[in-house]
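Reviewing the structure listed below.
All chains are named by letter (A, B, ...) in the order of the sequence lines, taking the proteins before the strands, and each is independently numbered beginning at 1. Here the structure is a predicted model, which means the values were calculated and not measured.
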Protein chains: 2
Amino acid sequence: MPFKPAKTAPATDPGALYFQLFNEIGIIAQLSGNRFQRVLPQGLTVAQFSLLNHCVRLGDGWTPARLAAAFQITKGTMTNTLQKLEAKGFIRIDPDPDDARSKRVFLTPAGKQAREASLKALMPELAQLPAGFPPDLAAEILPSLERLRIWLDTNR
Amino acid sequence: MPFKPAKTAPATDPGALYFQLFNEIGIIAQLSGNRFQRVLPQGLTVAQFSLLNHCVRLGDGWTPARLAAAFQITKGTMTNTLQKLEAKGFIRIDPDPDDARSKRVFLTPAGKQAREASLKALMPELAQLPAGFPPDLAAEILPSLERLRIWLDTNR
DNA sequence: TGACGAAAGTTCGACGTCAAACTAAAAGGT
DNA sequence: ACCTTTTAGTTTGACGTCGAACTTTCGTCA
């Protein structure tokens with residue numbers, strides 16, 4: 001997805017600025033995803049780890065639909081990831097007693113353990129970041145990124 | 001790939017900050033990519049358009065290997081995208097006369113035209129951005145993002 | 001109560017992407 | 001010259017993702 005870093009493009013027209021912005025963001029997303037992916041244990045993907053992490057941090061028992069909304073992905077994509085995690089024995093998917101359409105997602109002990117191991121594996125990766133990109137900078141641009149994300153999300 | 005927006009997580013440990021940063025960046029990349037994808041004409045994907053755009057802006061005749069490096073993707077991925085574009089008649093791939101391993105990528109007239117049409121289609125999308133996210137903000141955070149991208153790229 | 005629209009999940013085909021294994025050709029080193 | 005290493009490109013299998021079509025169930029409203 002990422003475009004070529006537009007070092008040679010003078011920002012004459014206003015579109016070029018946003019172009020460049022999404023370009024940089026696309027490449028960062030890709031590079032950071034690869035980097036995390038490589039250290040994740042037990043064949044976990046970033047998407048799978050994110051889901052496990054979410055369930056630990058915010059609690060069990062969510063429906064796939066709510067999870068899909070939280071991660072900004074389609075229901076079909078969520079179905080896919082849930083099936084992978086279930087096959088690995090990291091989650092359990094129960095029917096919702098109150099709504100025959102719905103299901104409920106729960107972590108298994110193995111799932112909790114896999115999430116712990118992933119966090120441990122991610123630590124060294126995160127630890128070497130401040131050297132190249134100070135936390136101050138991260139904290140500084142975060143609100144702007146959040147604002148952009150929210151706008152993109154609500155206006156689609 | 002994106003994680004859940006960690007609104008509820010107090011940034012107690014230092015890793016959480018970067019976690020949140022990559023989370024926002026991942027979601028923005030995804031949302032903006034979808035948005036551009038939807039308006040692109042002739043079944044062009046964002047990756048395909050980016051390649052055409054690159055060839056117009058920086059000139060023809062690049063090798064696939066150089067293109068892959070410029071876009072930060074693997075050679076295999078580049079092979080894939082080039083094949084799609086060649087099948088659509090938007091590029092031509094000639095053998096390199098000086099190096100029997102290499103090839104050279106050239107735009108066809110149809111390719112240039114498709115790039116023009118894409119730019120036109122993208123304009124309205126870009127035009128409605130400043131309302132939600134001022135260009136000042138974009139320009140302000142761009143250098144930091146560039147720095148992060150460069151660090152991730154060189155330290156991998 | 002019955003019909004119709006909304007919501008939850010699944011499936012399918014397509015795409016971009018990666019890592020890894022592979023072939024072919026060029027470059028270097030002794 | 002020969003052997004080794006590097007480089008260019010392709011292929012394969014897996015994954016996440018999308019949009020669209022589809023089924024089942026719920027909820028609402030007349």
- How does DNA chain D look in dot-bracket notation if pairs are Watson-Crick or G-U with both distances under 3.5 Å, crossing ones as [ ], other-strand ones as |? ||||||||||||||||||||||||||||||
- Gap between atoms CD1 and C1', on A:I27 and C:dC18 respectively (whole Å): 16 Å
- Query: Once you round it to whole Å, what is the distance between P of C:dG16 and CZ of B:F36?
  - Reply: 17 Å
- Message: Base, sugar-phosphate or nothing for B:D99? Non-hydrogen atoms, less than 4.0 Å.
- Response: sugar-phosphate
- Task: Would you please indicate if the ring centroids of B:F22 and A:F36 are separated by under 6.0 Å?
- Result: yes
- Give a yes/no on whether any side-chain N or O of A:K75 is located under 4.0 angstrom from OP1 or OP2 of C:dT10. no
- Mapping A:T81 and B:G76 to their closest nucleotides on DNA chain D, which lands nearer the 5' end? B:G76
- Joint cluster assignment, B:L51 & B:V39, ILVMFWY side-chain distance < 4.5 Å: yes
- Could you tell me whether the phosphate oxygens of D:dA8, OP1 or OP2, come under 4.0 Å of any side-chain nitrogen or oxygen in B:T63? no
- Starting at atom CG of B:L67, determine the distance to atom P of D:dA8, rounded to an integer number of angstrom. 12 Å
- Message: Tell me the interatomic distance from B:L44, atom CG, to C:dA14, atom P, rounded to whole angstroms.
- Response: 17 Å
- From the list D:dG16, C:dG16, D:dG9, which nucleotide is the closest neighbour of the side chain of A:Q48? D:dG16
- Item | A:R104 CZ to C:dA8 P, straight-line distance once rounded to whole Å | 11 Å
- Query: Does OP1 or OP2 of C:dC18 have a side-chain N or O of B:T77 closer than 4.0 Å?
  - Reply: yes
- Note on the structure: Test salt bridge (charged side-chain N to carboxylate O under 4.0 Å, His left out), reference A:R104, set A:D60, A:D98, A:D99, A:D96, output is A:D96
- Query: Checking side chain to side chain contact (heavy atoms under 4.5 Å, CB included) against A:I28, which of B:I150, B:L145, B:L21, B:I28 comes through?
  - Reply: B:L145
- Message: What I'd like to find out is whether the side chain of A:L148 reaches to under 4.5 Å of the side chain of B:L129, using heavy atoms alone.
- Response: yes
- Note: for A:S102 and A:N80 on DNA chain C, the residue whose nearest nucleotide lies more 5' is A:S102
- Sugar-phosphate, base or nothing in reach of B:T45, heavy atoms under 4.0 Å: sugar-phosphate
- Message: Looking at C:dG9, I'd like to know if its phosphate oxygens (OP1 or OP2) sit under 4.0 Å from a side-chain N or O belonging to A:Q83.
- Response: no
- Message: Applying a 4.0 Å non-hydrogen cut-off, can you work out what A:Q37 is touching in the nucleic acid: base, sugar-phosphate, or nothing?
- Response: nothing
- B:T77 side chain to B:I73 backbone, donor-acceptor under 3.5 Å: no
- Task: Measure from CZ on A:R101 to C1' on C:dT10 and round the result to the nearest Å.
- Result: 15 Å
- Separation of B:M78 atom CE from D:dT11 atom C1', in whole Å? 17 Å
- Item | Length of the CG-C1' vector between A:N34 and D:dG16, whole Å | 13 Å
- Item | Candidate pair B:F90 and B:L107, rule side-chain contact (heavy atoms from CB on, under 4.5 Å), full reasoning | CA-CA 6 Å; B:F90 291 161; B:L107 284 168; 5.9 Å; no
- Task: For C:dT10, take OP1 and OP2 only and decide whether either is under 4.0 Å from a side-chain N or O of A:T79.
- Result: yes
- Item | Separation of B:S32 OG from B:E125 CD (nearest 0.5 Å) | 10.5 Å
